[in-house]
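This report refers to the structure that appears directly beneath it.
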Amino acid sequence: MLAELPLIARFAITILLGVACGLLCKRLRVPAGYMVGAFVGVAALNCTIGGVWVPDGTRTAVQIIAGAFVGCSMERSDLTRLKEIGKPVAVMLGACLILMLAAGACITATSQLDLRTALMCAVPGGINDTPIVAADMGADAPAVAVLQLVRQILGIAVLPAAIAAFDKMRVARGNLGERADSATVNRESRVKSKQKSAAATVAVLAASVIGGLLGRATHIPGMTFAFAILAALVLKLGFDFAFIPKWIKKICQLVAGCYLGTLLTADGLAGMGALVVPILIVIAFYTANCFVTGKIESRLFGYGRKEGMLIASPAGASDMALIMDDMGIRNTDVVIMQVVRATVVMTCFPQIVNAICFVTGG
């Protein structure tokens, strides 16, 4: 049995299996393939024979590295642009907050998930980050991972197709109504960090470690991740001296998947059938938000209808860049707003969840 092996052997088997499954899923183009593959592979082994293991500090390390990467995603040029798109960003973030609260309340009322888990399932954050933060907060991390995967697939594969079909239908009816792209910016011309060096990587990791450990010292769930983001943002926006190579992010995603896989047991797997209703709720709320908030962004701020709906889409910033190109949209306000959403949501929303659960006793 795996549980009878030394810890180092169990750790090696866990990581090797997770890496192999993560690489396979990525090759098969599964959304968030590295984390999803590692999670599924390690969870499957844990639910069958048990004994998988990663060190206790893995969760903290993953939060710190993920926080550094999120902090590095912002550019100085984004701040300049934000002065002009502050109102659209405020509407988008307000809609995200309402979505989280409403969907979380519905999930709690119609399922056996506790309030903390339900709210984290509805957080419009990253699939790689949210489950790890949820685990740190004491929520059901495997359930959060499943719901976040549904959100990711919805944002990447389903809603863009629905938006395109809706647009074609409107054009066929003669209701063009599509405004020209507003504030078009060539994202490739954005000012990039001049310090894409090993020294910049070491500096931002060191700053994020210090920030993350300070956050952990507060004993407030989710603050490890939030402080790591803030530390990276200070270096990136204040000194333009922060850079995380993509290979570090890939390793972080694989390790995060392995860690989440260790949390899913056979008993937990048996209860996954109870997630059908929460999944339907997440799909319904995110779809409604895409169309309703998209229409608001279009009417109030002059964005085209497709632009407005993509702003409200639950895909990530990097995914959105590819989706926009496929749909013939060149307005990179959409991508900038997705970057802002990811940063603000993952820094602030877990603390809102903490406050709600503290007040309600959830």
Side-chain angles (χ1 to χ4, degrees), residues 70 73-75 77-106 119 122-126 130 148 151-152 154-156 158-160 162-164 166-167 170 177-185 187 190 229 233 281-321 323-324 327 329-353 355-356:
V70 171
S73 66
M74 289 288 289
E75 300 282 352
S77 57
D78 293 343
L79 292 183
T80 302
R81 184 67 193 140
L82 279 177
K83 295 177 182 179
E84 302 177 30
I85 61 173
K87 291 181 179 179
V89 168
V91 170
M92 176 193 65
L93 292 175
C96 287
L97 179 59
I98 293 171
L99 184 154
M100 180 190 75
L101 296 176
C106 288
L119 289 170
V123 165
T130 309
Q148 289 293 327
R151 178 191 61 79
Q152 182 90 348
L154 186 69
I156 294 174
V158 180
L159 286 180
I163 291 169
F166 179 72
D167 185 65
R170 294 172 70 239
E178 186 72 65
R179 300 179 178 88
D181 284 352
S182 55
T184 300
V185 184
R187 190 168 180 81
R190 292 173 65 207
I229 293 175
L233 280 173
I281 290 172
V282 165
I283 291 174
F285 271 89
Y286 272 105
T287 301
N289 179 68
C290 179
F291 284 87
V292 174
T293 304
K295 187 172 183 178
I296 293 173
E297 294 279 6
S298 177
R299 285 196 172 184
L300 294 183
F301 307 113
Y303 291 109
R305 189 61 188 271
K306 287 191 293 185
E307 291 175 303
M309 288 189 287
L310 288 177
I311 286 170
S313 172
S318 57
D319 300 319
M320 190 57 62
I323 292 169
M324 284 173 54
M327 299 179 69
I329 296 175
R330 299 292 180 266
N331 188 348
T332 54
D333 280 3
V334 179
V335 179
I336 293 172
M337 291 170 74
Q338 290 287 345
V339 172
V340 173
R341 174 182 63 81
T343 304
V344 173
V345 165
M346 293 313 302
T347 304
C348 303
F349 279 34
Q351 307 316 315
I352 295 175
V353 172
I356 292 172

Residues at least two apart in sequence or cross-chain that pass side-chain hydrogen bond (donor to acceptor under 3.5 Å, both in side chains) with Gln148, listed by chain then number, are Arg151
Please report the interatomic distance SG(Cys290) to CD1(Ile311), rounded to the nearest 0.5 Å.
10.5 Å
Restricting to non-hydrogen atoms, name the atom on Ala103 and the atom on Ala122 that form the minimum distance, rounded to 0.1 Å.
CB-CB, 3.8 Å
Judged by atom type as modelled, is there a donor-acceptor pair below 3.5 Å linking the side chain of Arg341 to the main-chain atoms of Pro124?
yes
How close do Met346 and Gly125 get, counting heavy atoms only, and between which atoms?
SD-CA, 3.6 Å
To the nearest 0.5 Å, how far apart are CG in Leu97 and CZ in Phe349?
4.5 Å
Using the side-chain hydrogen bond (donor to acceptor under 3.5 Å, both in side chains) criterion, which residues pair with Thr343? Sequence neighbours excluded.
none
Show the nearest heavy-atom pair for residues Asn289 and Ala312, with the distance to one decimal.
ND2-O, 3.3 Å
Rounded distance [0.5 Å steps], CG in Leu119 versus CD1 in Ile356
5.5 Å
CZ on Phe285 to SG on Cys106, rounded to 0.5 Å:
3.5 Å
Partner residues of Ile283 under the side-chain contact (heavy atoms from CB on, under 4.5 Å) criterion, sequence neighbours left out
Val150, Leu154, Ile279, Thr287
Determine, step by step, whether Ile352 and Met100 satisfy the side-chain contact (heavy atoms from CB on, under 4.5 Å) criterion, reporting the C-alpha distance in whole Å, the side-chain angles of both residues, the deciding distance to 0.1 Å, and the verdict.
CA-CA 10 Å; Ile352 295 175; Met100 180 190 75; 4.1 Å; yes
Lys87: partners by side-chain contact (heavy atoms from CB on, under 4.5 Å), with sequence neighbours left out
Phe301
Set of residues satisfying side-chain contact (heavy atoms from CB on, under 4.5 Å) with respect to Leu300, sequence neighbours excluded
Ile296
The criterion is side-chain contact (heavy atoms from CB on, under 4.5 Å); which residues satisfy it with Val89, sequence neighbours excluded?
Leu82, Ile85, Met92, Leu93, Met337, Val340
